[in-house]
Amino acid sequence: MASSVTALKERAAAAFRQTFGRAPDIIVAAPGRVNLIGEHTDYNGGYVLPVAIDRQIVIAASPRDDRKVKIGSLDMASEAEFALDSIARATQQTWSNYQRGVALMLQQAGHTLGGVDAVITGDVPIGAGLSSSAAVEVATAYMFQQLYHLNLSRVELALLCQRAENEFVGMRCGIMDQFISSLGKSQHALLIDCRSLDYELVPVPAGASIVVCDTKVQRGLVDSEYNARRQECEMGARLLGVRALRDVTPEMFERRARELPETTRRRCRHVVYENQRVMESVAALRRGDLAAFGQLMYDSHASLRDDYQVSCRSLDIMVEAARQAPGVYGARMTGAGFGGCTVNLVNAAKAEDFRREVAAAYAAATGITPPVYVCLAEDGARVIG
Ligand code: GLA
């Protein structure tokens, strides 16, 4: 077990003992994620290629005899309590809306839950675009599943967590983040078909490191712009007469592009070619062609910047800093955009040099020293104690 998980586990267990005066029955973990390629394709029924990373949300928990849920958050230094039979959105301790939403959706889907004492902590940076919220949702659902023996597949678990985020928290995200946090595999990326929810494991080549660079720019506009992009894609699908942009091939797009208004055309062009890039990048990874994979990452970034228009100055600076750094195959923004992180594929032997140089170049350009993480591909939700 990686040392960071061990430390989180011990921290959660100690805090649980201190709060509830006994040892927890169970400790679960669910990872954050980074998406290698396939951005803003999930809600268009398309393809994505994320990796679960070695940064997690950890929950120590025990059942209670009544129907209450009591949770202490170490990172928020706050406690929340709710009753399973009257779940409403919190206006204080809003961090607990993820747990409330998951408990509600599990029950609405017919699962029988009981009360819980819990302590939550983690080391997924919050608000950096590494899906700390999906990890909280998946860890919560997995905790209930383990404590109350729920009959729930990992795909169903991911879908219920997405529903909690869409309907209870109020963010219209796609399925990618919850899916990879539930189904991730160590040393692998997952190629997910976001329409059928079929997936394939794609090994991360041994000589390559996945490096995440945090711009430290808060993703302010993200909710409103995210929803606006979704609407533009839905309009594009309507105008092209398809169920979702996933159904548009590059040939069909080129034939019909002139029928679309300018902005819609750009959004559609990104999605259509991004889906194609995902398939090409998986083929490149499978044949060990890291240079080809890296070029597709740069192409993805350019498309997100120019056509989808969800990048920002800091993300563009970080990608350009990476391009000049040693050992890099490719770099791009990752996640929803407007700040957050870039993902980089780097020659493993040069990962430390890369980390140092990219951080120095970004700091010189912006005055901000960026956290840079060399990430391992981890397993999805699991019991760790
Ligand atoms: C966020 C959403 C995902 C996905 C990405 C963009 O992370 O939660 O569902 O749409 O943005 O690829």
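Side chains are part of it too, since the values below use all heavy atoms of this structure and drop only hydrogens, waters and symmetry mates.
When all heavy atoms of Leu190 and Leu183 are compared, the pair lying nearest together is CD2-O, 3.7 Å. Contact detail for Ile180 and Pro50: the closest heavy-atom pair is CD1-O, 3.6 Å. Pairing each heavy atom of Gln178 with each of Cys161, the nearest pair is CG-CB, 3.7 Å. Of all heavy-atom pairs between Leu240 and Met252, the closest is O-CE, 3.8 Å. Between Ala284 and Phe293 the shortest heavy-atom distance is CB-N, 3.9 Å. Heavy atoms only, all atoms of each residue included: Arg154 and Gly380 are closest at NH1-C, 4.2 Å.
For the residue pair Arg332 / Ser300, a side-chain donor-acceptor distance below 3.5 Å is found, with atom types taken as modelled. Between the side chains of Asp299 and Gln295, at least one donor N or O lies within less than 3.5 Å of an accepting N or O.
Within 6.0 Å of atom CZ in Arg89, more than 12 heavy atoms from other residues, nucleotides or ligands are found, so the atom counts as buried in its surroundings. Within a 6.0 Å radius of CG in Asp85, other residues, nucleotides and ligands contribute more than 12 heavy atoms. Enclosure of atom CZ in Arg258 is not indicated, since only 12 or fewer non-hydrogen atoms of other residues, nucleotides or ligands lie within 6.0 angstrom. The environment of Gln18 atom CD is sparse: at most 12 non-hydrogen atoms of other residues, nucleotides or ligands sit within 6.0 angstrom. No more than 12 heavy-atom neighbours from other residues, nucleotides or ligands sit within 6.0 angstrom of CD on Gln187. The neighbour count for Tyr273 OH, taken as heavy atoms of other residues, nucleotides or ligands under 6.0 Å away, is above 12. When the shell of 6.0 Å around CG of Asp65 is examined, it contains 12 or fewer heavy atoms from other residues, nucleotides or ligands.
Ion pairing of Glu262 with Arg265 is present here, as a side-chain N (NZ or NE/NH1/NH2) and a carboxylate O approach within less than 4.0 Å. We find that Arg269 and Asp306 are not joined by a salt bridge, their nearest charged nitrogen and carboxylate oxygen being 4.0 Å or further apart. By the 4.0 Å N-to-carboxylate-O rule, Arg356 lies close enough to Asp353 to be salt-bridged with it. Using a 4.0 Å cut-off between charged nitrogen and carboxylate oxygen, Arg64 and Glu81 do not count as a salt-bridge pair.
Taking the six-membered ring where tryptophan is involved, the planes of Phe20 and Phe16 are tilted, since the angle between them lies from 30° to 60°.
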- Query: Is there a side chain to side chain contact (heavy atoms under 4.5 Å, CB included) between Glu225 and Val310 once you walk through the steps?
  - Reply: CA-CA 8 Å; Glu225 291 292 329; Val310 291; 5.8 Å; no

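With hydrogens and angles ignored, the 3.5 Å screen pairs a side-chain donor or acceptor of Gln145 with a backbone N or O of Leu150. Not a single donor-acceptor pair under 3.5 Å links the side chain of Ser96 to the backbone N or O of Gln99. Side chain of Arg17 to backbone of Ala23: no donor-acceptor contact under 3.5 angstrom is found.
Using a 4.5 Å heavy-atom threshold, the side chains of Tyr298 and Val328 count as touching. By the 4.5 Å heavy-atom criterion applied to side chains, Cys233 and Val271 are counted as neighbours. Between Tyr148 and Pro63 there is a side-chain heavy-atom pair separated by less than 4.5 Å.
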